[in-house]
Amino acid sequence: VAAMPSAPRSAPSSNPSSDPFEDESRGLLQARLALMFAVLCGVSLFYGASHFVLRLLPLSERQSPTLVAVFTLLLAVVMGLLVLRCRTGKRSMTELLALDAVGITVPCWQTAAALTTVEPRNEGSASIVLGLTYLFLARAILLPSSGKRTLWIGLLALVPLFLGPSKQGR
């Protein structure tokens with residue numbers, strides 16, 4: 001009985017998603033993004049809800065406008081949705097990089113927009129700087145990223161800082 005010639009072996013796939021190293025990197029980034037968004041969701045939920053809890057206390061001062069708390073709670077919802085997006089299914093590297101950029105810039109822009117209602121204006125400016133510092137620290141600690149990418153995302157996220165409360169009314 002003659003042996004059947006075997007089918008020609010195909011060349012190794014040039015598809016980068018089949019590379020185990022790339023797949024492991026993508027999986028790590030996806031897990032880290034989910035963790036970062038979960039942390040930001042928890043912090044936003046805490047700060048947004050604390051405003052309403054403090055209003056229930058009889059001797060509490062009003063710390064910030066209700067609008068800031070509502071924006072902060074909305075940010076918690078957005079971060080929660082991003083957590084779900086990262087935890088369900090395998091995401092492409094392109095989508096994960098886009099989520100990384102959007103997941104930092106949107107909270108920065110939201111913080112700048114919400115804190116423009118805080119009086120006095122210098123308190124709003126200080127709060128914006130502290131909030132952005134927290135976001136950048138969380139990103140630096142939780143996400144593996146190149147310095148160049150971090151710089152570009154940081155510059156994009158800081159655009160509203162130049163348009164913030166300290167620049168208004170001059």
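In what follows, residues are counted from 1 in the order of the sequence shown. Every value quoted in this text rests on a predicted model; they were computed, and no experiment measured them.
- Cluster annotation: Val78 and Leu81 are assigned to distinct hydrophobic clusters (Ile/Leu/Val/Met/Phe/Trp/Tyr, side-chain heavy-atom contacts under 4.5 Å, transitive).
- For the residue pair Met79 and Pro107, the shortest heavy atom distance occurs at CE-CG, 3.6 Å.
- By the side chain to side chain contact (heavy atoms under 4.5 Å, CB included) test, Thr72 pairs with Ser44, Tyr47, Val68, Gln110, sequence neighbours left out.
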(request) Go through the steps to decide whether Leu135 and Cys108 satisfy the test side-chain contact (heavy atoms from CB on, under 4.5 Å), and finish with yes or no. (result) CA-CA 8 Å; Leu135 285 167; Cys108 290; 3.6 Å; yes
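- In the hydrophobic clustering, where aliphatic and aromatic side chains (Ile, Leu, Val, Met, Phe, Trp, Tyr) are joined below 4.5 Å either directly or transitively, Trp152 groups with Leu151, Leu155.
- With sequence neighbours left out, Thr133 forms a side chain to side chain contact (heavy atoms under 4.5 Å, CB included) with Val129, Leu137.
- Here Ser145 pairs with Arg139, Thr150 under the side chain to side chain donor-acceptor pair (under 3.5 Å) rule; sequence neighbours left out.
- With sequence neighbours left out, the side chain to side chain contact (heavy atoms under 4.5 Å, CB included) criterion links Ala101 to Arg149, Ile153.
- Under a hydrophobic clustering in which Ile, Leu, Val, Met, Phe, Trp and Tyr are joined whenever their side-chain heavy atoms come within less than 4.5 Å, directly or via other members, Val77 and Ile104 fall into different clusters.
- Inter-residue side-chain proximity for Phe71 and Leu75 is flagged as unmet; no heavy-atom pair is nearer than 4.5 Å.
- Looking at every heavy atom in both residues, Leu84 comes nearest to Thr88 through O-OG1, 2.7 Å.
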Please set out all donor-acceptor pairs under 3.5 angstrom arising from side-chain atoms of residues 28-39, sequence neighbours excluded.
unit_1: Gln30; atom_1: OE1; unit_2: Arg26; atom_2: NH1; d: 2.7
unit_1: Gln30; atom_1: OE1; unit_2: Arg91; atom_2: N; d: 3.2
unit_1: Gln30; atom_1: NE2; unit_2: Cys86; atom_2: O; d: 2.6
unit_1: Gln30; atom_1: NE2; unit_2: Gly89; atom_2: O; d: 2.6
unit_1: Arg32; atom_1: NH1; unit_2: Leu142; atom_2: O; d: 3.2

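- The same ILVMFWY cluster, assembled from side-chain heavy atoms under 4.5 Å apart, contains both Tyr134 and Val83.
- Residue pairs meeting the salt bridge (charged side-chain N to carboxylate O under 4.0 Å, His left out) criterion with at least one member in residues 126-138: none, sequence neighbours excluded.
- Side-chain atoms of Phe136 and Ile141, non-hydrogen and from C-beta on, never get closer than 4.5 Å to each other.
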